[in-house]
Amino acid sequence: MDRQQIKARFGIIGNSPLLNRAIDIASLVAATDMSVLITGESGVGKEVFSKIIHLLSPRKHAKNVAVNCGAIPEGTIESELFGHVKGSFTNAEKDRKGYFEEADGGTIFLDEVAELPLQMQAKLLRVLESGEFMRVGSSKPQKVNIRVISATNVDIPEAIKKGKFREDLFFRLNQISISIPALRERKEDIFPLFLKFASDISDKYRMPVLQLTPEAKDHLINYPWYGNIRELKNITEQISIIEQDRLISKDTLLSYIPEAHRSGNLPAIYQGAKKEDPLQPSEREILLKALNVNQMLLEMRGEINELKAIIGNLMRHGNISVSENLTRHNSLPEVVLPSTNEANYNVISPKKRDEIHEEFEDPEMIEDEPLSLSEREKKAIIKALERNHGKRKSAAQELDISERTLYRKLKEYSLE
């Protein structure tokens, strides 16, 4: 089948040299079983080329299964690709075939292959190298005879550098590479594509075909079309349905192009708001924890002082008895309140009473002096270590920070 027949069969419009080159490679590689990696921006028609390869191959009578790797949740992707056995996980009520098993003897098209988690990349590599896989929950390997075609709009060599894609898998998938040109790289094809889409929508809804003024046509051809063929088709269909005037001016065409794209620049990729606070998240967390702990300690000690004063006042007036087992600096004395019908109650010695009066008449006063954040943070760390008998792991858990952060703070405040 020659190039023009392929274009007619698969509805490909255009005569760009880059497009023709991609079609020629697809037709040549179809007769082999080599893995093919199709690259190109979103919307250029990568899936069409996977169909060309399959339908021109000896596997054309078997299944061609297309899988969007980016649309499958990470928790179920292994089951979706390789299947599972009954009882392997909750709701696995029966054995199920995965996409690879379904495509046995045919072709599987893995779109957005760069979205696969690293763990799944390793399992895909095993299938490519040995032709074997295992269903989820099974220990029995299964053989599969399959041709893999993958596609991505991601710069995989860059993803490899960032540790997001396996280099060995890339080499297995990229036995043959087909690069699909962006629409702005084949400007001679833009207007014919517009006419095709306008004609299709006209036939479907029985309305006059759109026409463009010279200025509108010039802008159509020179607009960068960031969404490629998909964006061109969408805008053509919108104008065909909405506009009553079938002669489209440049201003009308511009009204359908997103404002952010009119200047010729893509929208900036959101990378998160810049934070003016120079502290790292872990440092901010420990400061907040320190403030909260310090405030809590101040409130508790204030209440204890108030309670001591009340008990001391009761002792001076003989309205309360105190047990002999005082533990002075660690806890409050154990008190026994008399019942209303008791005439007598325990009376302690004058010496012990003087000691108790001294304890409660001169309570340790807490001055709520303003502390800097670093001082409060340091005190919170010291208190946490004291409460946990110097165990750093326990102190870090109490402060709700990592041990690594605690070690760094100990060094910073010379507390080691």
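All values below come from the heavy atoms of this structure, side chains included, with hydrogens, waters and symmetry mates left out. Numbering starts at 1 and runs along the sequence shown.
- Every salt bridge (Lys or Arg N to Asp or Glu O under 4.0 Å) that R126 has, sequence neighbours left out, goes to E132.
- Residue T107 forms a side chain to side chain contact (heavy atoms under 4.5 Å, CB included) with just one option from N64, V65, I53, and that option is N64.
- Take K393 and apply the side chain to side chain contact (heavy atoms under 4.5 Å, CB included) test, not counting sequence neighbours, and it matches Q397, E403.
- Annotation: side chain to side chain contact (heavy atoms under 4.5 Å, CB included) contacts of K187 (sequence neighbours excluded): I190, I221, N222.
- When the salt bridge (Lys or Arg N to Asp or Glu O under 4.0 Å) test is applied to K196, the partners found at least two apart in sequence or on another chain are D200.
- Here D251 pairs with nothing under the salt bridge (Lys or Arg N to Asp or Glu O under 4.0 Å) rule; sequence neighbours left out.
- For K60, there are no salt bridge (Lys or Arg N to Asp or Glu O under 4.0 Å) partners, not counting sequence neighbours.
- Pairs engaging residues 62-74 under the salt bridge (Lys or Arg N to Asp or Glu O under 4.0 Å) rule: K63-E102 [sequence neighbours left out].
- Within the 4.5 Å cutoff, the side chain of R246 has heavy atoms near those of the S240 side chain.
- Within the structure, salt bridge (Lys or Arg N to Asp or Glu O under 4.0 Å) contacts touching residues 109-118 (residues at least two apart or in different chains) do not occur.
- Annotation: ring-ring contact (aromatic ring centres under 6.0 Å, His included) contacts of H84 (sequence neighbours excluded): F89.
- Counting only residues at least two apart or on different chains, the salt bridge (Lys or Arg N to Asp or Glu O under 4.0 Å) pairs with a member in residues 31-40 are D33-R59.
- Here A198 pairs with V209, L210, T236 under the side chain to side chain contact (heavy atoms under 4.5 Å, CB included) rule; sequence neighbours left out.
- Identified under the salt bridge (Lys or Arg N to Asp or Glu O under 4.0 Å) test for residues 202-224, with sequence neighbours left out: none.
- Using the six-membered ring where Trp is involved, F194 and F191 have ring planes that are parallel, under 30° apart on the 30 and 60° scheme.
- Residues E101 and V144 form no side-chain contact, since every pair of their non-hydrogen atoms from C-beta on lies 4.5 Å or further apart.
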